[in-house]
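Please read the structure below before turning to the comments.
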Amino acid sequence: MSFQTRLAAKDFIVLAEMHTPKGINISRLVNDASRLKGRVDAVVIPDMDNGIMRMSALAGGVLLQQQGIETIMHMYCRDRNRMALQGDALAAHVLGIQNIIVAHSTDMSESDHSDAKPVNDLDETELIESLGTLQKGKDISGFDLDGSPDFSIGCTLAPFSSDEELAASLTAAKAQIAAGATYVVTPPIYSEEGCSELLEKTKHLGVPVIATVFLIKSLAIAQYIANSEPGAKISDDLIRRIRKSSNREQEGIKIAAETILALKENAGGVLIQTLGWEHKLPDILEAAKL
Amino acid sequence: MITAERKPLEELIEYIKPFKRILLLGCNECVTVCSAGGRKEVGLLASGLQMAMLKSGNNIEIRQHTLERQCDPEYVEELVPMINDADAVMSMACGCGVQEIAMRFKDKPVFPAVNTTFMGASERQGVWAERCQGCGNCLLGETGGICPIARCAKQLMNGPCGGSVTGKCEISDDVDCAWQLIWDRLKSLGLEERYMEITPAKDWRSGGGSGPRKIIREDLAE
Ligand code: SF4
Ligand code: SF4
């Protein structure tokens with residue numbers, strides 16, 4: 001069943017994130033993705049997420065579609081103006097991508113090309129609206145299209161570290177839902193403890209909330225996130241658990257699986273994010289009995 | 001200087017319609033020089049607004065005042081004794097001045113009366129042209145004193161493009177090709193070899209690429 005059908009049926013959605021290479025070596029992407037065939041509803045391909053210049057999401061998405069894996073392509077506003085964005089959206093449809101997440105973009109100053117000129121011609125809400133316009137057969141300037149594309153559109157909840165920031169993120173998400181997004185993807189959740197609060201705060205959005213579950217790969221990462229992200233909810237107990245474990249890698253996988261299980265009751269789905277450990281995705285799915 | 005143009009009267013009327021007492025502010029600096037929002041323009045706009053409002057059966061009170069420099073908190077303080085007599089402020093200063101008023105008087109609606117347009121120079125009486133985009137890392141020393149960022153339609157760093165014809169830019173016969181001007185200047189300065197050097201991709205961090213900019217002078221900052 002396609003991602004769109006399952007989303008509409010309010011089934012629990014399972015997505016996995018996979019990055020395109022910084023270069024042209026696609027073997028890892030294709031291999032890792034092919035191991036997920038039939039096990040996830042779709043693979044999410046971020047674009048130059050976290051500000052890292054890499055192969056475009058459009059190309060990555062098309063590659064995986066060619067392998068028979070449904071993909072969701074990220075689009076965002078930092079790097080392309082309205083012409084380029086619309087052109088990519090049309091290209092995506094023609095090349096078989098029907099799912100787009102309009103993502104929050106990391107600021108250029110935090111990218112690996114911090115000297116680049118940011119575009120930000122549209123904002124995320126306007127981009128979602130313009131994707132809707134394309135679906136109605138017009139471009140942003142009102143000119144007729146020769147054949148219109150069809151997309152399912154999701155949005156992201158911007159990362160937040162305080163209640164005020166969360167309120168701002170929720171306001172932005174509401175605007176994006178009003179503009180046409182039919183589901184929302186949260187910032188990373190690191191453990192079971194983070195789940196209920198986030199779901200509580202997002203339930204009024206009225207669309208499926210897909211929680212991003214982040215794989216904690218090492219003790220150092222857990223400590224780093226706990227220290228640098230005040231809202232991360234990585235408790236001392238959790239850090240102790242990882243430290244004491246005889247197999248920390250496996251422990252991280254277990255924690256991710258427990259988080260997924262905790263979300264299963266109330267979330268619209270999960271997006272599993274491993275940032276470089278995509279080969280571990282089958283193990284996480286296994287551990288979460290998915 | 002910062003240049004600006006008055007907004008259409010209809011737009012300004014929409015802003016002030018809900019209010020009875022307006023404080024209409026001018027600024028004695030750039031907007032005076034480019035005849036958009038100095039004392040004279042404040043007077044003209046005040047009567048224009050008053051007449052238009054009267055025609056539609058509304059009587060409004062407009063108090064006029066022109067500050068020495070509206071983007072300077074020191075001068076903005078001058079408004080304290082009069083601000084409470086106004087329901088709203090309309091400012092003919094550039095966007096910097098309008099924001100200064102909004103920041104100082106938090107509970108007062110503030111509306112811009114001009115469209116702040118560019119940093120430029122006067123070419124002749126009544127004509128102003130863009131000269132600088134405040135990129136934060138001035139290249140004029142390399143380009144013969146002519147800015148390719150503000151004056152080349154494509155912001156080429158290694159121009160000209162193929163559209164430069166008899167010294168004019170491809171976007172319009174009214175626009176000089178910045179790269180023709182740069183070439184002519186370099187030539188007259190005997191710096192033709194400079195033109196052959198390839199300028200690398202510009203670092204836009206100083207040009208606002210990393211968000212709103214601020215200058216902090218440690219020797220002056222309190
Ligand atoms: S190079 Fe930069 S600072 Fe210099 S005139 Fe051009 S825009 Fe202004
Ligand atoms: S014609 Fe000259 S000014 Fe116009 S875009 Fe080309 S190089 Fe720039």
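Per chain, numbering begins at 1; letters A, B, ... match sequence-line order.
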> Under 3.5 Å, side chain of B:Arg185 to main-chain N/O of B:Gly144, donor-acceptor pair present?
Replying inline: yes

> For chain A, which residues of residues 11-23 of chain B have at least one non-hydrogen atom nearer than 4.5 Å to it?
Replying inline: none

> Any side-chain heavy atom of B:Leu139 sitting closer than 4.5 Å to one from B:Met157?
Replying inline: yes

> How many angstroms lie between CG in A:Leu90 and CG in A:Leu131, if you round to the nearest 0.5 Å?
Replying inline: 9.5 Å

> How far does CD1 of A:Ile45 sit from CE of A:Met18, to the nearest 0.5 angstrom?
Replying inline: 7.5 Å

>> If the contact rule is any heavy atom under 4.5 Å from chain A, which residues of residues 158-182 of chain B qualify, in numerical order?
In response: none

>> Just so I know, are the side chains of B:Val89 and B:Phe105 near enough to count as touching, which here means a heavy-atom distance under 4.5 Å?
In response: no

> How long is the span from the CD1 atom in A:Ile100 to the CD1 atom in A:Ile128, to the nearest 0.5 Å?
Replying inline: 10.0 Å

>> Go through it in stages, so that I can follow the logic: the residues are B:Glu142 and B:Arg194, the test is salt bridge (Lys or Arg N to Asp or Glu O under 4.0 Å), and I'd like the CA-CA distance, side-chain angles, deciding distance and then a yes or no.
In response: CA-CA 7 Å; B:Glu142 316 296 320; B:Arg194 162 65 198 100; 3.4 Å; yes

>> Can you confirm whether B:Pro148 sits close enough to B:Leu156 that some side-chain heavy atom of one is under 4.5 Å from a side-chain heavy atom of the other?
In response: no

>> Return the CE to CD1 distance between A:Met73 and A:Ile97, rounded to the nearest 0.5 Å.
In response: 5.5 Å

Can you pull every donor-acceptor pair closer than 3.5 Å across chain B and chain A?
unit_1	atom_1	unit_2	atom_2	d
B:Gln155	OE1	A:Lys117	NZ	2.4
B:Trp204	N	A:Asp115	O	2.7
B:Arg205	NH1	A:Ser114	OG	3.1

>> My understanding is that only residues two or more places apart in sequence, or in another chain, count here; which of them pass ring-ring contact (aromatic ring centres under 6.0 Å, His included) with B:Trp183?
In response: B:Tyr195

> Quick one: are B:Ile2 and B:Val31 in side-chain contact, heavy atoms under 4.5 Å?
Replying inline: no

>> Side chains of B:Met92 and B:Arg6, heavy atoms from C-beta outward: is any pair under 4.5 Å?
In response: yes

>> For B:Arg69 and B:Glu29: C-alpha separation, side-chain torsions, deciding distance, then whether salt bridge (Lys or Arg N to Asp or Glu O under 4.0 Å) applies.
In response: CA-CA 6 Å; B:Arg69 196 159 49 243; B:Glu29 299 276 0; 3.0 Å; yes

